[in-house]
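These notes concern the structure reproduced below.
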Amino acid sequence: MKTSLRAGLAGVGAAAAALGVAELVAVATGPTSAPLLAVGGVVVDHVPAGVKDFGIAVFGVHDKTALLTGTAVLLAAYAFGAGVVAARRWWAGVGLVAVFGIVGVISAVTRHDAGVVAALPSLVAAVVAVVVLRGLLALAAGEPVAALRERAAWGVGTGARSSGAGRNSGVVSGESVPGGGAGSGVAVADHDDAYPGEGRRRFLKGLGIVVGVSALGGVVGRLLTGRRAVSQARQEVVLPAARQNAPVVPAGVQVPGAVAYVTSNDDFYRIDTSLYPPQVDPSTWQLKIHGMVRNPITIGWDDLLKRPMIERYVTLACVSNEVGDSLIGNALWLGVPIKELLDAADPLPEADQVVQRSVDGWTCGSPTAVLRDGRDAMLAIGMNGKPLPVQHGFPVRMVVPGLYGYVSACKWITEIELARFADFDAYWVPRGWSAQGPIKTQSRIDTPRAGASKQAGPVTIAGVAWAQHKGIAKVEVQVDGEPWQVATLADTVSSDTWRQWSYGWNAAKGKHHVRVRATDTTGYTQTSTPAPPAPDGATGWHGIDVTIE
Ligand SMILES: Nc1nc2c(c(=O)[nH]1)N[C@H]1C(S)=C(S)[C@@H](COP(=O)(O)O)O[C@H]1N2
Ligand SMILES: [Mo]
């Protein structure tokens with residue numbers, strides 16, 4: 001094995017140990033204080049506003065894993081380099097580890113609401129990285145075990161000069177350089193045959209043990225963090241009954257082949273900027289309503305539960321949803337009408353924006369007029385009969401019929417600040433998204449699937465359409481540019497949910513293109529002009545290709 005390969009692997013091993021230990025420390029200091037999550041969080045929040053596609057991507061459902069994997073790969077590459085450098089110039093290597101530690105510390109302590117203790121995982125990680133790097137480099141150099149044991153300080157300060165290029169005896173004498181002067185490095189045998197077989201085996205064994213123990217530490221850390229999480233508190237929540245019974249769902253809401261009318265909690269799309277869902281204990285939860293109000297209010301969990309509740313089906317939609325895509329879901333929400341709390345706080349007339357702030361610092365802003373116009377906007381605590389799932393904002397989130405999630409649906413909400421749109425930009429606004437985000441009238445074909453093959457004869461085309469708080473008045477289907485045909489609308493609970501539709505098509509052999517468009521109760525028919533999600537929601541007609549055989 002090549003010298004530099006071994007040194008690089010030693011670096012990667014040191015990084016693994018650092019991250020594993022950091023996860024353990026983070027059990028005490030909080031999951032987002034661990035360096036990987038902390039740095040990942042900073043990346044999410046600080047991507048330049050111009051990188052529009054990335055802005056869309058962080059809205060995306062699968063991108064958290066991608067981001068963390070990417071960060072881990074970059075870190076591994078960095079660690080490899082640090083290992084190679086450290087083998088030649090020990091203190092330069094230590095410097096690179098220190099940079100890693102400093103980046104981790106700064107990321108962790110600058111996260112919203114992070115205390116100084118958030119620095120701990122990264123600090124400990126950096127120290128561990130140095131110690132383990134030193135040990136692994138020594139193994140990589142093929143030092144006799146005895147020599148290793150004799151070292152007073154396994155890690156720091158001992159270095160031996162490489163005897164330069166060319167063959168190296170592979171035996172590094174115990175010659176220590178206290179404090180390791182500049183330029184001292186850990187000599188690594190240049191050729192395998194310097195320590196035929198045995199040195200390499202010992203190195204690989206050491207590396208394997210380090211990586212294995214670190215992975216174990218990381219997993220144990222995550223498990224312990226999970227146990228400290230609020231899932232227990234969530235299970236203990238007993239939801240109060242609503243003022244009236246939940247609306248009855250008519251049997252006719254569901255069209256075969258379309259998505260389920262009510263989305264289960266497990267299937268509900270999840271979008272947020274947090275790499276680890278905030279853990280908020282209801283017993284310490286508080287909501288502060290302040291800013292441009294005459295009567296600031298602070299309300300706790302028990303007070304909230306005592307207030308009269310409503311239970312409503314509301315279809316939530318994400319502004320990042322592409323035409324035909326599925327960042328949309330319909331659930332039964334239980335909660336306190338926000339209008340009543342806002343009325344009690346008594347906003348100043350010029351406070352046209354209700355800024356909602358999550359415990360992790362994320363913000364969104366809804367028009368005050370919308371939240372007070374009598375629609376069923378609420379501080380929700382229940383979702384489909386269960387306490388809010390942690391990922392969907394436990395214990396309390398906002399739900400507003402008719403507004404995209406990024407301007408209204410604050411999860412883990414802890415603060416409501418009355419302000420003016422002119423004075424405050426919420427999270428996504430400086431990142432290129434519109435401050436106003438009413439949901440655009442849209443429709444989608446669920447069956448047949450795009451690209452499907454069907455037998456000639458009767459084929460049911462079906463799907464969903466939505467125009468929350470306005471309601472769907474008409475859905476039309478078009479095959480191959482023929483005249484638009486009116487589809488049959490299914491029942492619905494209210495104008496605040498999506499509505500299913502179907503159309504019986506007598507399909508002839510060949511390739512066909514099928515399109516759909518909806519008209520809402522204001523008389524507006526979806527525009528055919530395609531627009532991307534940014535800045536305020538995609539437009540255009542959903543179309544699919546179908547082959548009839
Ligand atoms: N705290 C917090 N709340 C948030 C977000 C977020 O990033 N952080 N994202 C919003 C967006 S963009 C959407 S579309 C909805 C999605 O809610 P869901 O994950 O429950 O489907 O949550 C909103 N609430
Ligand atoms: Mo969203």
Side-chain angles (χ1 to χ4, degrees), residues 32 40-41 43-45 47 55-64 67 111-113 262-280 285 287 314-322 325-335 354-366 377-384 386-417 426-429 431-440 442 466 468 498 532-538:
T32 51
V43 172
V44 169
D45 286 351
V47 170
I56 297 169
V58 287
F59 270 126
V61 189
H62 302 293
D63 298 80
K64 295 179 205 303
L67 178 74
R111 302 273 71 208
H112 185 76
D113 266 3
V262 178
T263 316
S264 71
N265 290 357
D266 285 345
D267 290 341
F268 210 93
Y269 79 95
R270 173 194 171 196
I271 297 287
D272 54 63
T273 58
S274 68
L275 293 171
Y276 189 88
Q279 308 290 310
V280 184
W285 175 86
L287 177 71
V314 176
T315 299
L316 222 65
C318 182
V319 68
S320 292
N321 200 36
E322 302 275 357
D325 226 331
S326 52
L327 295 179
I328 176 165
N330 185 37
L332 177 63
W333 307 96
L334 172 76
V354 177
V355 177
Q356 304 150 47
R357 192 168 280 112
S358 153
V359 295
D360 65 357
W362 186 86
T363 52
C364 66
S366 318
M378 65 174 114
L379 279 175
I381 59 167
M383 183 176 182
N384 291 325
K386 295 270 159 41
L388 286 180
V390 174
Q391 296 193 334
H392 294 290
F394 180 79
V396 187
R397 74 171 306 167
M398 191 81 96
V399 170
V400 182
L403 299 184
Y404 284 124
Y406 85 107
V407 290
S408 70
C410 187
K411 305 192 271 189
W412 314 288
I413 191 170
T414 185
E415 204 180 313
I416 285 179
E417 184 173 352
Y427 187 93
W428 283 109
V429 177
R431 291 166 173 84
W433 297 77
S434 170
Q436 301 287 336
I439 294 177
K440 293 182 179 175
Q442 261 296 346
W466 58 91
Q468 286 92 322
W498 54 15
D536 61 358

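We're numbering straight along the sequence, starting at 1. In listed order, ligands and their atoms are each counted from 1. For clarity, every value in this text was computed on a predicted model and none was experimentally measured. Below, all heavy atoms of this structure are taken into account, side chains as well, without hydrogens, waters or symmetry copies.
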Residue pair D266 / S264, side-chain donor-acceptor N/O under 3.5 Å: no

Plane angle bin for W333 and F268 - parallel if under 30°, tilted between 30 and 60°, otherwise perpendicular: perpendicular

Any N or O of C318 closer than 3.5 Å to N or O of ligand 1: no

At a non-hydrogen distance cut-off of under 4.0 Å, which region of Y406 contacts ligand 1 (side chain, backbone, both, or neither)? both

Location of contacts on W412 toward ligand 1, heavy atoms closer than 4.0 Å: side chain

So which atom in G437 and which in Y406 form the shortest heavy-atom distance, rounded to 0.1 Å? CA-OH, 3.9 Å

Is there any N or O on R397 that sits under 3.5 Å from an N or O of ligand 1? yes

Under 3.5 Å between some N or O of ligand 1 and some N or O of A409? yes

Region of S358 that comes within reach of ligand 1 [heavy atoms, distance under 4.0 Å]: side chain

Mind checking the CG-CD spacing from D272 to Q391? Nearest 0.5 Å is all I need. 7.5 Å

Could you name the option among K411, Q356, M398 that has the heavy atom nearest to atom 19 (O) of ligand 1? K411

Would you kindly say whether D536 and Y404 are connected by a side-chain donor-acceptor distance under 3.5 Å? no

To the nearest 0.5 Å, what is the distance between OG1 (T363) and CD1 (I413)? 11.0 Å

Would you say that P533 contacts E322 through its side chain, given a criterion of any heavy-atom pair below 4.5 Å between the two side chains? yes

Taking distance alone, with no angle check, do D272 and ligand 1 share an N/O pair under 3.5 Å? no

Is ligand 1 under 4.0 Å from a heavy atom in the side chain of F268, in the backbone, in both, or in neither? side chain

Close N or O approach (W428, ligand 1; < 3.5 Å): no

